[in-house]
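Reviewing the structure listed below.
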Number of protein chains: 2
Amino acid sequence: MDELLQHRLSVIAEPNRFRIVELLRSGPLSVGAIVDALELAQPHVSRHLRLLADAGVVDVTRQAQQRIYRLRPEPLRDIGTWAQSFAVLWTERLDRLGDFLDDTDQNGDRS
Amino acid sequence: MDELLQHRLSVIAEPNRFRIVELLRSGPLSVGAIVDALELAQPHVSRHLRLLADAGVVDVTRQAQQRIYRLRPEPLRDIGTWAQSFAVLWTERLDRLGDFLDDTDQNGDRS
DNA sequence: TAGCTATATCTACTTGCATGTATATATGTA
DNA sequence: TACATATATACATGCAAGTAGATATAGCTA
């Protein structure tokens with residue numbers, strides 16, 4: 001189940017795909033628009049979009065000869081939930097533990 | 001500024017490092033404990049931890065010969081915020097736009 | 001039909017990066 | 001000091017994945 005999340009993360013994390021995702025955050029775009037914005041070769045953009053689509057990160061809609069890509073909210077929501085679920089729960093405790101560990105620095109009693 | 005986020009994402013997204021992060025979500029661990037849990041070679045775990053530490057995703061504390069690694073909440077919080085900020089804002093609008101585009105399917109009026 | 005635009009696919013090439021293995025460093029103990 | 005444990009570093013290797021470029025496909029227009 002985390003397989004999916006990890007895979008989506010790795011697809012989004014690639015630098016050029018991350019830029020594409022950032023672009024799409026402000027709304028759906030055609031391939032050509034993305035090419036113009038990022039100054040990447042069109043075949044490269046198409047390939048990155050293919051990977052994003054396969055991972056379920058984006059959706060495609062045909063409009064005449066153009067294909068409009070848009071971000072699907074669900075994957076980002078899942079990533080957000082995954083990330084927040086740690087941060088929120090542990091922030092306090094870890095900060096305290098951090099201080100504790102930093103102060104002690106040696107004190108052998110672990111298994 | 002998104003450079004940092006993208007870099008952290010790519011570091012976390014690697015399969016084995018993702019497993020390490022997942023492990024650390026339940027609390028700090030020594031290198032040896034991670035090696036036992038994941039059945040990876042110790043040098044590999046050390047190397048992955050190094051990359052995670054360089055990216056600021058984890059913290060190290062020495063305890064005798066052991067090094068205790070723990071997740072830093074801030075990077076995960078940032079990732080969560082980044083992801084949620086899209087999902088929350090656009091979910092409704094995009095769903096409606098999606099229906100619209102799916103229905104029309106052709107309708108040329110772009111520049 | 002021909003020709004133009006928008007996008008996708010295919011084939012090589014190359015490189016970043018994870019992996020395997022050996023070795024070094026640091027700390028504790030006898 | 002010598003030895004064991006815990007972890008880090010160094011180096012060689014292989015492969016996954018990004019890149020470059022040519023070409024194919026699909027739709028529009030005349």
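Per chain, numbering begins at 1; letters A, B, ... match sequence-line order. A quick note: this is a predicted structure, and the numbers were derived from the prediction, not measured.
- Look at NE2 on B:His44: it is 12 Å from C1' on D:dA10, rounded to the nearest Å.
- Neither OP1 nor OP2 of C:dA6 sits under 4.0 Å from any side-chain N or O of A:Tyr69.
- As a whole-Å value, the separation of B:Asn16 CG from C:dT19 C1' is 10 Å.
- At a threshold of 4.0 angstrom between heavy atoms, the contacts of B:Leu51 are confined to the sugar-phosphate backbone, with no base atom among them.
- Separating the CD1 atom of B:Ile20 from the C1' atom of C:dA18 is a distance of 12 Å, rounded to the nearest angstrom.
- The distance from atom CD of A:Gln63 to atom C1' of D:dA26 is 16 Å, rounded to the nearest whole Å.
- Distance from the side chain of A:Arg62 is smallest for D:dA26 among the nucleotides D:dT19, D:dA26, C:dT9.
- Where A:Pro43 and B:Val31 each meet DNA chain D at their nearest nucleotide, the meeting point lying more 5' is that of B:Val31.
- Between B:His7 and B:Leu9 there is no side-chain heavy-atom pair separated by less than 4.5 Å.
- With the nearest nucleotide of DNA chain C identified for both A:Leu49 and B:Arg67, A:Leu49 has the one nearer the 5' end.
- When the nucleotides D:dT9, D:dT19, C:dA8 are ranked by their closest atom to the side chain of A:Ser46, C:dA8 comes out on top.
- The pair B:Arg8-B:Glu74 counts as a salt bridge, with a side-chain nitrogen and a carboxylate oxygen less than 4.0 angstrom apart.
- With D:dG18, C:dT27, D:dT19 as the choices, the nucleotide that has an atom nearest any side-chain atom of A:Arg17 turns out to be D:dG18.
- Residues A:Arg25 and A:Glu22 are paired through a salt bridge, judged by an N-O separation under 4.0 Å between the basic side chain and the carboxylate.
- Between B:Glu39 atom CD and C:dG20 atom P there is a gap of 13 Å when expressed in whole angstrom units.
- Between the CZ atom of A:Phe18 and the P atom of D:dA17 there is a distance of 20 Å, given to the nearest Å.
- Of all nucleotides listed (C:dA26, C:dG28, D:dT19), C:dG28 comes nearest to the side chain of B:Ala64.
- Residue A:Gln65 has its side chain nearest to D:dG27 when only D:dG27, C:dT9, D:dT7 are considered.
- The NE2 atom of A:His7 sits 12 Å away from the C1' atom of D:dA16 (whole-angstrom rounding).
- A donor-acceptor pair under 3.5 Å is absent between the side-chain atoms of A:Gln66 and the main chain of A:Ser30, judged by distance alone.
- Nucleotide C:dT7 holds its C1' atom 15 Å from the CG atom of A:Leu40, rounded to whole Å.
- In this structure, A:Arg47 reaches the bases: a heavy-atom distance under 4.0 Å links it to at least one base atom across the strands shown.
- Here the side chains of A:Leu38 and A:Val45 are not in contact, with every heavy-atom distance at 4.5 Å or above.
- Residue A:Glu14 is the one, among A:Gln42 and A:Glu14, whose nearest nucleotide of DNA chain D lies closer to the 5' end (criterion: closest heavy atom).
- When the side-chain nitrogen and oxygen atoms of B:His48 are compared with OP1 and OP2 of C:dA18, none of them lie within a distance under 4.0 Å.
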